[in-house]
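Everything below concerns the one structure shown next.
First the proteins, then the strands, lettered A, B, ... as listed; each starts at 1.
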Number of protein chains: 2
Amino acid sequence: MFAFRVLDRSGVPAYLQLVDQVRRGLLLGHLQEGDQLPTVRAVASAVVINPNTVAKAYRELEHAGLAVARAGQGTFVTGNIEQVPAATYARLSGRLRQWFADAREAGLAPEQVRAMVDAVMDDERRRETA
Amino acid sequence: MFAFRVLDRSGVPAYLQLVDQVRRGLLLGHLQEGDQLPTVRAVASAVVINPNTVAKAYRELEHAGLAVARAGQGTFVTGNIEQVPAATYARLSGRLRQWFADAREAGLAPEQVRAMVDAVMDDERRRETA
DNA sequence: TTCTGTGTACTATCTCACTAGTACATTGAG
DNA sequence: CTCAATGTACTAGTGAGATAGTACACAGAA
């Protein structure tokens with residue numbers, strides 16, 4: 001069963017964090033079509049948020065065509081998204097993890113590492129919109 | 001003069017985005033002690049947000065010891081933060097940019113790239129707290 | 001001094017994410 | 001059918017972020 005991460009205080013709404021995690025799971029192949037998501041009440045009690053907040057996330061997923069809810073049964077993800085090929089994923093994620101390891105090795109604090117990633121990603125985003 | 005990025009709709013409060021950008025600038029050496037930040041009113045008109053929101057960000061920076069406000073003159077950053085050594089920064093950011101270029105080359109959509117980065121960073125964060 | 005530009009303070013208002021509590025509809029097992 | 005578990009709907013309220021508008025205090029230049 002898919003497990004949601006504990007929510008932080010980043011300012012990102014909880015329901016959006018849940019949506020993003022499911023979307024990410026699908027993109028990276030951690031979730032496959034037909035997989036069942038934890039029930040609304042299970043997520044609510046596990047992550048300690050209101051069931052309505054979870055329900056809102058699931059509604060959002062259904063609206064985006066990424067999941068289907070069946071009363072009495074649960075919520076199941078659909079494959080309406082382009083997954084990253086497993087081989088590509090393995091290769092690139094490995095290199096990325098290596099980069100993080102090297103950054104730690106170089107003595108960078110987590111905050112500094114995050115700053116670098118954010119800075120480069122900002123540039124990437126700028127490139128997309130350009 | 002430091003330039004703030006246009007704000008997105010990520011759910012992160014605008015004033016926090018401003019704070020993070022200054023902190024990042026200091027961490028990565030894009031900002032040096034004594035550098036002046038754009039005035040409250042300048043940022044407000046450039047990014048199209050309320051001056052009060054910018055003032056809140058600047059107050060936050062001052063409270064964190066990262067900036068000093070001088071009435072009639074402006075707000076200036078201080079060096080109370082550990083910067084990434086320039087050589088380390090150049091080497092690591094170069095490799096990171098290369099990784100992004102390879103990801104694009106592999107045909108990954110921006111959304112997929114971001115999902116991979118988020119996933120790996122989540123793991124890193126988990127490692128920190130562990 | 002006067003003027004201008006700066007940061008700051010204050011109140012009121014609005015929106016939205018989230019909480020709280022309750023009730024209902026559907027599904028499948030017994 | 002009965003029951004439990006599921007997703008769903010609804011109303012009301014709380015709090016934070018943001019806006020709007022005004023006013024004030026300080027610094028520097030004319």
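None of L61(B), L31(B), T78(B) except one satisfies the side-chain contact (heavy atoms from CB on, under 4.5 Å) rule with L26(B); the exception is L31(B).
Here the side chain of Q112(A) pairs a donor or acceptor atom with the backbone of A109(A) at under 3.5 angstrom.
Hydrophobic clustering (ILVMFWY, side-chain heavy atoms < 4.5 Å, transitive): L66(B) and V68(B) are in distinct clusters.
Residue E62(A) is classed as a sugar-phosphate contact, given heavy-atom separations below 4.0 Å to backbone atoms only.
Separating the CD atom of Q73(A) from the P atom of dT6(D) is a distance of 11 Å, rounded to the nearest angstrom. Distance CD (Q17(B)) to P (dA16(D)): 19 Å, rounded to an integer number of Å. To the nearest angstrom, P of dG17(D) lies 12 Å from CZ of R59(B). Protein atom CD of Q36(B) is 14 Å distant from nucleotide atom P of dG5(C), rounded to whole Å. Going from atom CZ of F76(A) over to atom P of dT27(C) covers 13 Å, rounded to whole Å. Atom pair L37(A):CG and dG7(D):C1' shows a separation of 13 Å (rounding to whole Å applied).
Heavy atoms of other residues, nucleotides or ligands lying less than 6.0 angstrom from CD of E62(B) number more than 12.
When only modelled atom types and interatomic distance are considered, H30(B) and Y89(B) share a side-chain donor-acceptor pair under 3.5 Å.
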- Message: I'd like to compare against my own output: the B/S/- annotation of nucleotides 13-25 of chain C with a strict under-4.0 Å heavy-atom distance to protein.
- Response: ----SSBBB----
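A salt bridge links R114(B) to E128(A): at least one charged side-chain nitrogen sits closer than 4.0 Å to a carboxylate oxygen.
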